[in-house]
Amino acid sequence: MPPSADTIDGEIQLTDAAGVAQAFEAIEEQAGTVTVVVNNAGVAGGKAALELTEDDWDRILDTNLKGAWTVAQEAARRMTGAETGGVIINISSVLGLRVSKGVVPYAVSKAGLVQMTKALALELAPQNIRVNALAPGYVETDLTRNYLATEAGRTLMTRIPQRRPAEMAELGGPLLLLASDASSYMTGAVLAVDGGQLVSSL
């Protein structure tokens, strides 16, 4: 993860279109046209809906949705201009498909990312650009480990059919599938990696 969730190398704001364009320019000078983009920057926050501030809302929506849009648009423009085609993978969440309490802006941003994925897939298919989304469930990371060890976290695991969070390595296979020619006939898809959480009973 970058030093700050809404920056690239701690310097480029993802919501700054000019800065994102400069980042792509720098990459192209060294490696040529970027043909695989993973939109993985994101922030979260847990508050009841009536306690949310405007700053809370803007911080999460700007990073998770506007930032992803800014990067995806710039990537698609460059892939189209170079006639290379390519792949854009947006990292959404099961909370973009199913809601929970206390995460309104996060759930809204991830649901928006799902619809953005589908809309871009529709528009960019003629340019040989595939756009898909990965929707992880709960993943054990440095940010989630303490919560998952609490009583609330353990209770949450009982509602996941596989009864555990994902390990980071378990996202690698699905991500490589979407990034590679193995998924050459997939676009507009949302691939859940959630231990069965989306099919569990309410």
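Sequential numbering from 1 along the given sequence is applied to the chain's residues.
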Visitor: Quick one: side-chain hydrogen bond (donor to acceptor under 3.5 Å, both in side chains) pairs with a partner in residues 176-188, sequence neighbours left out?
Guide: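 Applying side-chain hydrogen bond (donor to acceptor under 3.5 Å, both in side chains) to every pair that reaches into residues 176-188, excluding sequence neighbours, yields R130-S183.
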Visitor: For N64 and G42, which heavy atoms make the closest approach, and how far apart are they?
Guide: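 Answer, listing the atom of N64 first, then G42: OD1-CA, 3.1 Å.
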Visitor: What distance separates L148 CG from R164 CZ, expressed to the nearest 0.5 Å?
Guide: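 Output value for this atom pair is 12.0 Å.
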Visitor: With no hydrogens and no angle check, is any side-chain donor or acceptor of N90 less than 3.5 Å from a backbone partner on S92?
Guide: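 Such a contact is absent between N90 side chain and S92 backbone.
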Visitor: For the side chain of T158 and the backbone of T155, is there at least one donor-acceptor N/O pair under 3.5 Å apart?
Guide: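 Checked: pair present.
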Visitor: Would you say the side-chain atoms of Q115 pair up with the backbone N or O of G112, donor to acceptor, closer than 3.5 Å?
Guide: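 No, because the side chain of Q115 does not come within donor-acceptor range (under 3.5 Å) of the backbone of G112.
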Visitor: Salt bridge (charged side-chain N to carboxylate O under 4.0 Å, His left out): which pairs involve residues 114-127, sequence neighbours left out?
Guide: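 Qualifying pairs: none.
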Visitor: Quick one, V114 and L97 - any side-chain contact, counting heavy atoms below 4.5 Å?
Guide: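 Of all side-chain heavy-atom pairs linking L97 with V114, at least one is under 4.5 Å.
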Visitor: Quick check: is V71 connected to I129 through a chain of hydrophobic side chains (ILVMFWY, heavy atoms under 4.5 Å apart)?
Guide: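 Shared cluster, yes.
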Visitor: According to side-chain hydrogen bond (donor to acceptor under 3.5 Å, both in side chains), does anything in residues 131-141 pair up with another residue at least two apart or in another chain? List the pairs.
Guide: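 Pairs touching residues 131-141 that pass the test: E140-R145, T141-T144.
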Visitor: Is there a path of hydrophobic side-chain contacts, each under 4.5 Å between heavy atoms of I/L/V/M/F/W/Y residues, joining M168 to L134?
Guide: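 Yes; tracing contacts between hydrophobic side chains, which count when under 4.5 Å, links both residues.
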Visitor: Has R154 got a side-chain atom pairing as donor or acceptor with A149's backbone, closer than 3.5 angstrom?
Guide: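 Present.
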Visitor: Could you measure the distance from the CD atom of Q162 to the CD atom of Q197? Nearest 0.5 Å is fine.
Guide: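 Q162 atom CD to Q197 atom CD measures 11.5 Å (nearest 0.5 Å).
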Visitor: Nearest 0.5 angstrom please: M79 CE to F24 CZ, how far?
Guide: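 Here the interatomic distance stands at 7.0 Å.
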Visitor: Minimum heavy-atom separation for A82 and T33, please, with both atom names.
Guide: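 Shortest heavy-atom contact: CB-OG1, 3.5 Å.
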Visitor: Among residues at least two apart in sequence or on other chains, which ones pass side-chain hydrogen bond (donor to acceptor under 3.5 Å, both in side chains) with N146?
Guide: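 Expected list: none.
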Visitor: Is it true that M186 and V190 fall in one hydrophobic cluster, defined by side-chain heavy atoms closer than 4.5 Å?
Guide: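 Not linked; separate clusters.
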Visitor: Please tell me if the side chains of Q73 and R78 come closer than 4.5 Å, counting only heavy atoms from C-beta onward.
Guide: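 Result no, sub-4.5 Å side-chain heavy-atom pair not found.
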Visitor: side-chain contact (heavy atoms from CB on, under 4.5 Å) with V38: which residues, sequence neighbours excluded?
Guide: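 V38 satisfies side-chain contact (heavy atoms from CB on, under 4.5 Å) with N40, I89, I91, L175 only.
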Visitor: Show me the pairs that pass salt bridge (charged side-chain N to carboxylate O under 4.0 Å, His left out) and involve residues 39-50, at least two apart or across chains.
Guide: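 For residues 39-50: K47-D56.
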Visitor: Side chains of L95 and S100: does their closest heavy-atom pair fall under 4.5 Å?
Guide: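 Side chain of L95 against side chain of S100, heavy atoms only: contact under 4.5 Å found.
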Visitor: Would you say R59's side chain and E54's backbone share a donor-acceptor pair under 3.5 angstrom?
Guide: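 A pair under 3.5 Å: no.
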Visitor: Go through Y147 and L156 one step at a time and tell me if the side chain to side chain contact (heavy atoms under 4.5 Å, CB included) criterion holds.
Guide: CA-CA 10 Å; Y147 168 72; L156 174 64; 4.1 Å; yes
Visitor: Establish whether V20 and I27 are linked, either directly or via other cluster members, by ILVMFWY side-chain heavy-atom contacts under 4.5 Å.
Guide: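 Hydrophobic grouping puts V20 with I27.
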Visitor: Identify the two heavy atoms, one from A68 and one from N39, that lie closest to each other, and give their separation to 0.1 Å.
Guide: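 Residues A68 and N39, closest heavy atoms: O-ND2, 3.0 Å.
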Visitor: Can you tell if the side chain of I60 reaches within under 4.5 Å of the side chain of S109, non-hydrogen atoms only?
Guide: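 With C-beta onward as the side chain, the pair touches.
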Visitor: Taking the side chain as C-beta and beyond, is there a heavy-atom pair between V104 and W57 under 4.5 Å?
Guide: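 SC-SC contact between V104 and W57 confirmed.
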Visitor: Without swapping roles, check the side chain of D62 against the backbone of K66 for a donor-acceptor pair under 3.5 Å.
Guide: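 It does not hold such a pair.
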Visitor: Determine whether L124 and V131 make a side-chain contact, defined as any pair of heavy atoms from C-beta on separated by less than 4.5 Å.
Guide: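 In short, these two side chains touch, coming nearer than 4.5 Å.
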Visitor: Could you see if I88 belongs to whatever hydrophobic cluster contains L178? Use Ile, Leu, Val, Met, Phe, Trp, Tyr and a side-chain cutoff under 4.5 Å.
Guide: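 No; L178 is not reachable from I88 via cluster members.
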Visitor: Should V94 and P136 count as side-chain neighbours, where that means a heavy-atom distance under 4.5 Å?
Guide: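 They are not in side-chain contact.
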Visitor: To the nearest 0.5 Å, what is the distance between CG (N128) and OG1 (T35)?
Guide: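 Answer for the CG-OG1 pair, N128 versus T35, is 10.5 Å.
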Visitor: Evaluate the side-chain proximity of V37 to V87: yes if any heavy-atom separation is below 4.5 Å, no if none is.
Guide: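 They are not in side-chain contact.
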